[in-house]
Amino acid sequence: MTELSQETPTFSNSSPVARIRGAKCLRLLAVVDSTESTNRIVDFITAFSEGRAATEAVVLNVQSKRLDARLRGYQNFKKDEIDERLINEFAFPILNSVTGRLEKAGILCSSKAEIGDPVTTILRCAAENACNVILVGAQPSKGFDSWLPNTMRVWLRSDLALRLIALAPASIVVVK
């Protein structure tokens, strides 16, 4: 019978291994699209993760189908082809650009492309990936509500961020 050694390896506080083991990993869900808010989200993640030992980003692009679009009898027949086109031609270029920028900044990231309702898809992906924070971009204000005060504008607009704030169990950061 062999005896186990009583010595355990110790790490000093200045050791990077100790900082990584001691730090709680922050997992961000970054919801990106083809608007300028995507660049602001990437800049926010890059600035936020500077100096942090453990930050992971899950980059999500949600493509929603137009319910009013008609395919004149080909709805079921061409469904797979349409889904493939949404993913390959719209989602992947956005995801490749964002993950390339994040990896260049030294941030561990993974990407996902989904088709469906944005709110339910974002909430499901945040739960599946155990994300602590959900990052979404602020939608630009429409022309008619630009003259309203900010408090009235929030109540009149029903954008993605407001619906997520009401429903999400995780923290929501709206990057403006």
Side-chain angles (χ1 to χ4, degrees), residues 20 22-69 82-83 86-88 90-146 148-176:
I20 290 173
K24 181 181 176 187
C25 180
L26 182 65
R27 183 170 276 209
L28 306 170
L29 177 67
V31 182
V32 297
D33 54 12
S34 61
T35 63
E36 179 60 31
S37 65
T38 296
N39 291 330
R40 292 191 298 267
I41 289 172
V42 172
D43 293 340
F44 179 85
I45 294 171
T46 305
F48 182 78
S49 65
E50 231 172 75
R52 288 187 60 95
T55 302
E56 295 179 21
V58 177
V59 182
L60 173 67
N61 179 267
V62 181
Q63 296 290 325
S64 58
K65 292 184 184 179
R66 288 183 43 199
L67 297 176
D68 61 345
I82 293 169
D83 290 351
L86 281 173
I87 297 296
N88 291 333
F90 296 109
F92 280 163
I94 296 167
L95 292 172
N96 290 337
S97 171
V98 171
T99 54
R101 285 180 60 192
L102 290 175
E103 287 173 352
K104 190 175 182 180
I107 299 167
L108 182 66
C109 63
S110 62
S111 62
K112 289 185 119 182
E114 298 279 336
I115 298 174
D117 176 53
V119 174
T120 56
T121 304
I122 291 168
L123 293 175
R124 181 179 47 78
C125 285
E128 286 174 357
N129 294 296
C131 294
N132 309 88
V133 178
I134 301 172
L135 298 170
V136 293
Q139 293 177 347
S141 62
K142 311 287 189 276
F144 79 92
D145 67 353
S146 62
L148 292 172
N150 284 338
T151 54
M152 289 295 292
R153 204 176 300 156
V154 168
W155 290 107
L156 290 177
R157 291 177 61 200
S158 61
D159 63 357
L160 176 70
L162 292 176
R163 291 185 285 161
L164 283 173
I165 289 169
L167 297 173
S171 299
I172 305 289
V173 175
V174 180
V175 181
K176 191 171 180 184

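What you see below is based on every heavy atom in this structure, not just the backbone, and it leaves out hydrogens, waters and symmetry mates.
The heavy-atom pair separating A57 from I107 by the smallest distance is CB-CG2, 4.4 Å. The two residues I45 and L135 make their nearest non-hydrogen contact at CG1-CD1, 3.4 Å. Closest non-hydrogen pair, S34 versus T38, comes out as N-OG1, 4.4 Å. When every heavy atom of P169 is checked against every heavy atom of L123, the shortest pair comes out as CD-CD2, 4.3 Å. Between A138 and R40 the shortest heavy-atom distance is O-NH2, 4.1 Å.
I172 CD1 to R163 CZ: the interatomic distance, rounded to the nearest 0.5 Å, is 12.0 Å. For the atom pair CZ of F92 and OG of S97, the computed distance is 14.5 Å after rounding to the nearest 0.5 Å. Interatomic distance, L102 CG to E56 CD, rounded to the nearest 0.5 Å: 12.5 Å. Within the model, atoms CD1 of I134 and CG of L28 stand 10.5 Å from one another, a figure rounded to the nearest 0.5 Å. Put simply, CG on L60 and CG on D33 are 10.5 Å apart, with the number rounded to the nearest 0.5 Å.
With hydrogens and angles disregarded, a donor-acceptor distance shorter than 3.5 Å links the side chain of R27 to the backbone of N129.
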Query raised in the report: Yes or no on side-chain hydrogen bond (donor to acceptor under 3.5 Å, both in side chains) for S171 and N132, after CA distance, side-chain angles and deciding distance?
Result: CA-CA 7 Å; S171 299; N132 309 88; over 6 Å; no
Requested in this report: Report the C-alpha distance between T46 and R101 in whole Å, list the side-chain angles of each, state the deciding distance to 0.1 Å, and finish with yes or no for side chain to side chain contact (heavy atoms under 4.5 Å, CB included).
Outcome: CA-CA 9 Å; T46 305; R101 285 180 60 192; 5.9 Å; no
For residues 111-119, which side-chain donor-acceptor pairs fall under 3.5 Å, sequence neighbours excluded?
unit_1, atom_1, unit_2, atom_2, d
K112, NZ, E128, OE1, 3.2
E114, OE1, R124, NH2, 3.0
D117, OD2, T120, N, 3.3
D117, OD2, T120, OG1, 3.3

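Counting heavy atoms from C-beta outward, V175 and V173 have side chains that approach closer than 4.5 Å. In this structure, C131 and V58 have side chains that are in contact, with non-hydrogen atoms separated by less than 4.5 Å.
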